[in-house]
Amino acid sequence: MQRLKDKVAIITGGANGIGLATAKLFLREGAKVMIVDKDASALKQAVAEMATANLQHCQADVSQRTEVEKYVAATLSAFGGIDVFFNNAGIEGTVSPIATYPEDEFDRIMAVNIKGVWLGCQYVLPKMRDGGSMVITSSVAGLQGFAGLGAYVASKHAEVGIMRVAALENSDRKIRVNSVHPGPVETQMMRHIERQLSAEAPDQAKDGFLAQIPFGRYALAEEVADLVLFLSCDESKYITGNTHVIDGGMIVG
Ligand SMILES: NC(=O)c1ccc[n+]([C@@H]2O[C@H](COP(=O)([O-])OP(=O)(O)OC[C@H]3O[C@@H](n4cnc5c(N)ncnc54)[C@H](O)[C@@H]3O)[C@@H](O)[C@H]2O)c1
């Protein structure tokens, strides 16, 4: 039995990493999927690879209101409704202590990670069918601090606040809202962070993260997608307003 049969899903940041793995899984589970990303070439590659009318794409910057309106309109026009919203696009930005953190980088991270997620809530949730589900990708960095990642950590904590309010404000329509909190995942984002921590020896930076993970490895994007699928389908129909950690034991209390 397909768990998202005939459901319509929007996935932001859907051209790479966790978003792309989730798009592939959702398609296998019977959904019609709109992937939204600012990366035009990765979008085209994803669509060519999967080659199905059930997958459409929209190039958009989630931090711009008019572009959010554009991807909502494109989804309604392509598929006629919205049931699932994976509010996932995010950036890691510069690794630097707060004392020396570049102000323009701070603004850029807030624009994508907070405003992008916020605008998604503002423009997608009112158009969703009753009984739908939204999942926000926060991080273990949304639940605890990591030195050098102050702006990212702040933005990922803010996403939890947005998730909690959106869950309360949409409960009358039985739209569920949850956040997922991965530890390090094998995507380009961790490669960027590792290179910033040690340009000459990124593998050593990776070893530093691995030493903090009891399971001794990063998550696969597909493993995060499995959690997102659970939170998006009816198997989780009584779960809303909560944080869901997937981290191989990294932040066990
Ligand atoms: N990789 C990790 O270790 C990790 C851990 C915890 C949480 N996360 C979160 O998971 C989410 C997905 O990250 P990922 O690891 O798949 O990274 P990724 O870089 O592989 O994918 C992110 C995608 O978002 C897109 N994007 C970035 N800014 C955008 C914008 N303004 N508008 C539209 N699209 C934009 C990128 O083009 C990219 O395709 C992010 O929110 C990230 O913070 C990642």
Side-chain angles (χ1 to χ4, degrees), residues 10-25 34-47 57-72 74 86-93 95 105 107-120 124 135-144 146 149 151-160 162-163 179-197 205-206 209-210 212-213 217-225 227-228 243-248 250-251:
I10 296 177
I11 300 178
T12 65
N16 287 293
I18 295 167
L20 180 59
T22 305
K24 290 177 178 173
L25 180 59
M34 174 67 72
I35 49 172
V36 176
D37 208 289
K38 63 167 199 205
D39 183 342
S41 68
L43 276 174
K44 287 206 183 81
Q45 199 179 320
V47 169
H57 71 285
C58 180
Q59 186 190 3
D61 178 344
V62 297
S63 67
Q64 302 296 320
R65 179 180 55 78
T66 51
E67 308 232 332
V68 175
E69 291 175 305
K70 180 177 81 173
Y71 77 67
V72 173
F86 186 25
N87 200 345
N88 164 73
I91 55 173
E92 73 291 341
V95 179
E105 262 304 89
D107 289 342
R108 195 172 70 93
I109 292 173
M110 299 307 145
V112 179
N113 295 3
I114 301 183
K115 193 174 176 192
V117 165
W118 173 274
L119 289 173
V124 178
V135 178
I136 294 172
T137 310
S138 176
S139 167
V140 288
L143 299 171
Q144 74 168 44
F146 290 89
L149 288 170
Y152 184 75
V153 166
S155 72
K156 291 290 162 182
H157 276 70
E159 289 176 3
V160 176
I162 296 171
M163 178 275 292
S179 53
V180 292
H181 299 260
V185 184
E186 293 285 3
T187 71
Q188 61 184 7
M189 182 174 284
M190 284 310 298
R191 301 290 95 78
H192 296 158
I193 293 174
E194 290 155 5
R195 277 200 300 274
Q196 288 194 66
L197 288 168
K206 180 170 185 175
F209 283 112
L210 292 178
Q212 301 172 54
I213 303 171
R217 65 171 177 83
Y218 287 3
L220 303 177
E222 290 75 11
E223 292 170 326
V224 181
L227 175 59
V228 176
T243 56
H244 304 269
V245 176
I246 171 163
D247 70 344
M250 186 179 191
I251 61 164

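No experiment lies behind these values; they were computed from the predicted model shown. Both counts, for ligands and for their atoms, begin at 1 and track the order of listing.
For atom 17 (O) of ligand 1, the nearest non-hydrogen atom from the set K115, E186, M189 comes from M189. Considering D39, V36, D37 only, the shortest heavy-atom separation from atom 36 (C) of ligand 1 involves D37. When the heavy atoms of G17, G19, G90 are ranked by distance to atom 22 (C) of ligand 1, first place goes to G90.
Residue I18 places at least one N or O, backbone or side chain, under 3.5 Å from an N or O of ligand 1. In terms of polar-atom proximity, V185 is counted as a contact of ligand 1, with an N or O under 3.5 Å from an N or O of the ligand. The shortest N or O to N or O distance between V62 and ligand 1 is under 3.5 Å. For a threshold of 3.5 Å applied to N or O pairs, the pair formed by N88 and ligand 1 contains at least one separation below that value. Between S63 and ligand 1, no pair of N/O atoms sits closer than 3.5 Å. Residue-to-ligand polar distances place Q188 within reach of ligand 1: an N/O pair is separated by less than 3.5 Å.
Of the protein's non-hydrogen atoms, G183 O, 3.3 Å is the one closest to atom 5 (C) of ligand 1. For atom 1 (N) of ligand 1, the closest non-hydrogen atom on the protein side is T187 OG1, 3.0 Å.
For Y152, every heavy-atom contact with ligand 1 shorter than 4.0 Å involves the side chain, none the backbone. The parts of T137 lying near ligand 1 are both backbone and side chain, judged by heavy-atom distances below 4.0 Å. Proximity of E92 to ligand 1, defined as any heavy-atom pair under 4.0 Å, is not found for any part of the residue.
By the 4.0 Å heavy-atom criterion, G116 is excluded from the residues contacting ligand 1. At least one heavy atom of S138 sits closer than 4.0 Å to an atom of ligand 1. Within the 4.0 Å heavy-atom shell around ligand 1 one finds A60. For G14, the closest heavy-atom approach to ligand 1 does not fall below 4.0 Å. No heavy atom of T12 sits closer than 4.0 Å to any atom of ligand 1. Within the 4.0 Å heavy-atom shell around ligand 1 one finds K156.
Atom CD of Q144 has more than 12 neighbouring heavy atoms from other residues, nucleotides or ligands inside a 6.0 Å radius.
Using modelled atom types and a 3.5 Å distance limit, the side chains of H157 and S155 yield no donor-acceptor pair.
Among T12, I10, I18, the one residue that satisfies the side chain to side chain contact (heavy atoms under 4.5 Å, CB included) test with F86 is I18.
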